[in-house]
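Notes follow once the structure below has been shown.
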Amino acid sequence: MKYVSADRLSVTDLETARVLVVQQAMDPVSFDTKVASPARALCDALFGTGTRREVPADWVVNWHTRSLVPHAPTGSPSARPAVSDFFVNSPVGQMLRGITSEESYPDGGRLRYQPVDQANHPLHQDCMFHDPPRFFTIWIPAVPKGTTVNKDVPGLELFLPAVSRRLRMEREEPPTVCREDLAQFMTVKDDPDAFVRPELELGDVLMFRETVPHRSHIPATADAPRVSFDIRWALTGAQAA
Ligand SMILES: O=C(O)CCC(=O)C(=O)O
Ligand SMILES: [Fe+2]
């Protein structure tokens, strides 16, 4: 896994990386004001300590996975946090734009609330659930400034050794990888470096390819919930392997 600051990111990084952390990909102050802070307020009201209120008309909620998706990917008149637009307009988004085909754009993103008591998502690959053959998941924390993901709040744990095929599923809800498949690729599970838990701050983005197994992670030191976005960007037409 590679940590790289946005101003040092190269096209080659995007074309070759399976897991990549881009530090300070987005201006944290502006991202917080326009996107992250409203997202935290919405999640807190719906899933956290706030008084539950009506789900805004432009979001669809999944109470089971504590996640929200925009009702319509574009053109909503109300003020949904426009995370995809914000990312597309960032330097990293523009670089990704440059290696993808004309018709390739990110989806509208999902907003998730991960409390400290129970992990929302067991081990899975995103290619189990999403259609494009090759894509990046772009995972963006919407945490307050000064909060570190995978330390102060829950994060994500990713399996680094290359798994190139789609694993079979035993059950979809919650997603459960079938035991035989799990056994095969978990032969390296005793390797302390097999799983990584990248630490991220506001403004950082984590990008990983569709075959990378991953799950929600709750570190013992976490004492507050985490709000995050994840968007998917098809690499159709890209040079990426
Ligand atoms: O945010 C999480 O805990 C899980 C998210 C996830 O699996 C994803 O974004 O693909
Ligand atoms: Fe996922």
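The first residue of the sequence shown is numbered 1, and numbering continues consecutively from there. Counting convention: from 1, in listed order, for ligands and their atoms alike.
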Closest to atom 9 (O) of ligand 1 among Asp230, Leu123, Thr65 (heavy-atom distance): Asp230
Pick from His121, Gln114, Arg226, Arg110: the one approaching atom 1 (O) of ligand 1 most closely through a non-hydrogen atom: Arg226
Closest non-hydrogen atom pair, Tyr113 against Cys43: CD1-CB, 3.7 Å
Of all N/O/S atoms in Asp126, the name of the one nearest the Fe ion (ligand 2): OD1
Check: Arg66/Asn120 side-chain N/O donor and acceptor closer than 3.5 Å: yes
Pair Thr148-Glu201, side-chain donor/acceptor within less than 3.5 Å: yes
Closest approach of any protein heavy atom to atom 5 (C) of ligand 1, naming residue and atom: Arg112 NE, 3.5 Å
Closest protein heavy atom (residue, atom, distance) for atom 3 (O) of ligand 1: Ser216 OG, 2.6 Å
Candidates His121, Gln125, His124 - the one meeting side-chain hydrogen bond (donor to acceptor under 3.5 Å, both in side chains) with His214: His124
Salt bridge present between Glu199 and Lys151 (N-O < 4.0 angstrom): no
SB check Asp32 Lys145 (cutoff 4.0 Å): no
Pairwise side-chain contact, Leu42 with Leu111, heavy-atom cut-off 4.5 Å (strictly under): yes
Show me which atoms of ligand 1 lie under 4.0 Å from any heavy atom of [X].
X: Arg232; answer: 8 (C), 9 (O), 10 (O)
X: Leu156; answer: 1 (O), 2 (C), 3 (O), 4 (C), 5 (C)
X: His214; answer: 6 (C), 7 (O), 8 (C), 10 (O)

Any donor-acceptor pair under 3.5 Å from Ser30 side chain to Asp27 backbone: no
N, O or S from Asp230 under 2.8 Å to the Fe ion (ligand 2): no
Any N, O or S atom of His124 closer than 2.8 Å to the Fe ion (ligand 2): yes
Asp126 touching ligand 1 at heavy-atom level, < 4.0 angstrom: yes
Within-shell test, Arg215 vs ligand 1, heavy atom, strictly < 4.0 Å: no
